[in-house]
Protein chains: 2
Amino acid sequence: MERNQTDFVILGILAIHPDQSGYEIRKTVQQSVGFFWGESFGQIYPALKRLLANGLIVARKPASGAKATRQEYSITPAGRLRLQEWLAVPFRDDPPRDEFLLKLFFASDAGPGVALKQVAKFMENNRQLLATLEELQKLGATRSSHYAGFPYWMLTLDYGVRHLRMTLEWSQNAVVVLKALESPEKQEGRRKHV
Amino acid sequence: MERNQTDFVILGILAIHPDQSGYEIRKTVQQSVGFFWGESFGQIYPALKRLLANGLIVARKPASGAKATRQEYSITPAGRLRLQEWLAVPFRDDPPRDEFLLKLFFASDAGPGVALKQVAKFMENNRQLLATLEELQKLGATRSSHYAGFPYWMLTLDYGVRHLRMTLEWSQNAVVVLKALESPEKQEGRRKHV
DNA sequence: ACACACATGTAATTGGTTACATGATTTC
DNA sequence: GAAATCATGTAACCAATTACATGTGTGT
């Protein structure tokens, strides 16, 4: 019960910025919480209908000039209340399923070479994402936004940046460990061939 | 395609330690990869039947003396091959959905008090888990295990420990930020009431 | 003319949890 | 004899992705 998080993502996004279409909501989600949350159209459109039926959002044909097919949504007072209610419910932390760690855990069956490839991809992914988030952070710092949500957004961004930096530090060490496993000799800080 | 990760978790676990029942496999999963992966019975039992039908594992009634109802499974050579194959496929990193961060991101609608409560729970959870993982790490260090998988297990453990330490550092800062938002005055390192 | 982004939706499938249902064995 | 743990499984439901299907508007 109370498990349909898509609804709340939409409410949250519309609470920050109203008059968005389903298409736009998805883009906003990707650009704001995308580094720790994803939503697909297959979930967004049905969710919008649900929210509409429950009076938590309202639909409006956009002002003339915009596309005729487009539907814009805004949050209602009831929707805002629902959102606030949900915010106060303790989050549940189920273990996030991490496929990378899973493969690494079992990797001895395939050897260090395979593990090193996975780690390399992991590093590359994280380096790129880190660059993006640091860019966002810099932008935020200069703009010193006046939105009420701003400090909260920056906290999550900071979390992301710290997380990615940690993964890169860890990766460097992992590479050293795996390379040592790769070469048959033990290289305990000494030359090869003992 | 190739998305049924439960199958591979089971194969991986049985590759490390054979002759386990479905019940036992689940426990092993919890105790080994539990901090980044979970499996429920509702998935394990059907998966075992699937794997059995495909010849990737074999079933055996346990030696006399054990429970009659119990079924023990082991990985077959075909299963091991399948596992190795999967290990070499690049992992996919979809953004892990983090409900805690999501609530924090939208928390301005509910205020710093609500956010602080969520952060407090987050810290508490992570402190506990960190203690458990550090315990495991210490145990691993003394035993200096001879299993081939050992270095890989330690890498994932190290990841967990680093991650949790990072979350606690971040949390401390988050609490400071949120407390500052809570009190109406700006406390820029100066006295209140300007 | 073509490509790309905007825009909305449904259907099929898979993935996954939770609840239900049952029963044996061990420990107190 | 009661409670906890071991043990297996199914059914109902919910969550989520992916593929399918369709069409408009904008820019080159």
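Basis for what follows: all heavy atoms, side chains included, without hydrogens, waters or symmetry-related copies. Residue numbers begin at 1 in each chain, while the letters A, B, ... track the order of the sequences.
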Restricting both atoms to N or O, compile the protein contacts to nucleotides 8-12 of chain D shorter than 3.5 Å, with distance only.
| residue | atom | partner | partner atom | Å |
| --- | --- | --- | --- | --- |
| dT8(D) | OP1 | Gln71(B) | N | 3.0 |
| dT8(D) | OP1 | Gln71(B) | O | 3.4 |
| dT8(D) | OP2 | Gly22(B) | N | 3.3 |
| dT8(D) | OP2 | Tyr23(B) | N | 3.0 |
| dT8(D) | OP2 | Tyr45(B) | OH | 3.0 |

Is the phosphate of dC6(D), meaning OP1 or OP2, less than 4.0 Å from a side-chain N or O of Lys27(B)?
yes

Considering non-hydrogen atoms only, spot the tightest contact between Phe105(B) and Ile16(A) and give its length.
CE2-CD1, 3.9 Å

How many whole angstroms separate atom CG of Asp19(B) from atom P of dA7(D)?
13 Å

Do you know which of Leu52(A), Asp19(A), Ile10(A), Leu51(A) makes side chain to side chain contact (heavy atoms under 4.5 Å, CB included) with Tyr73(A)?
Leu52(A)

Axis-to-axis angle across the helix from dA1(C)-dT28(D) to dC28(C)-dG1(D), five pairs each end, nearest 10 degrees, ~ 30°

Rounded off to whole Å, could you give me the CZ-to-P distance for the Arg50(B) and dG16(C) pair?
10 Å

Would you say a side-chain N or O of Arg97(A) is under 4.0 Å from OP1 or OP2 of dG16(C)?
yes

Taken to the nearest whole Å, CD1/Ile44(B) to P/dG15(C) is 16 Å

Rounded to whole Å, the CZ-P distance (Arg26(B) to dG16(C)) equals 14 Å

Is a donor from one side chain sitting under 3.5 angstrom from an acceptor on the other, for Ser21(B) and Gln71(B)?
no

Rounded to the nearest Å, what distance is computed from the CG atom of residue Asp94(B) to the C1' atom of nucleotide dA15(D)?
14 Å

Taking the six-membered ring for Trp and the full ring for Phe, Tyr or His, determine whether the centres of Phe122(B) and Phe100(B) are under 6.0 Å apart.
yes

Shortest non-hydrogen contact from Gly55(B) to Ala78(B)?
O-CB, 3.9 Å

Take atom CD of Gln5(B) and atom C1' of dG15(C), then tell me their distance rounded to the nearest Å.
9 Å

Any Gln43(A) side-chain nitrogen or oxygen under 4.0 Å from OP1 or OP2 of dA15(D):
no

Quick check on dT14(C): is either OP1 or OP2 less than 4.0 Å from any side-chain nitrogen or oxygen of Asn4(B)?
no

Is NZ or CZ of Arg26(B) both nearer than 6.0 Å to the six-membered ring centre of Phe41(B) and within 45° of the ring axis?
yes

Determine the contact category for Arg92(A): base if any of its heavy atoms lies under 4.0 Å from a base atom, sugar-phosphate if only primed atoms, P, OP1 or OP2 are that close, otherwise nothing.
sugar-phosphate

dG15(C) P sits how many Å from Ile10(B) CD1, rounded?
13 Å

Pairing residues for Asp98(A) by the side-chain hydrogen bond (donor to acceptor under 3.5 Å, both in side chains) criterion, not counting sequence neighbours
none

Heavy-atom check, side chain of Leu102(B) versus side chain of Trp86(A), under 4.5 Å:
yes

Verify whether one side chain among Glu39(A) and Trp37(A) offers a donor that lies under 3.5 Å from an acceptor in the other.
yes

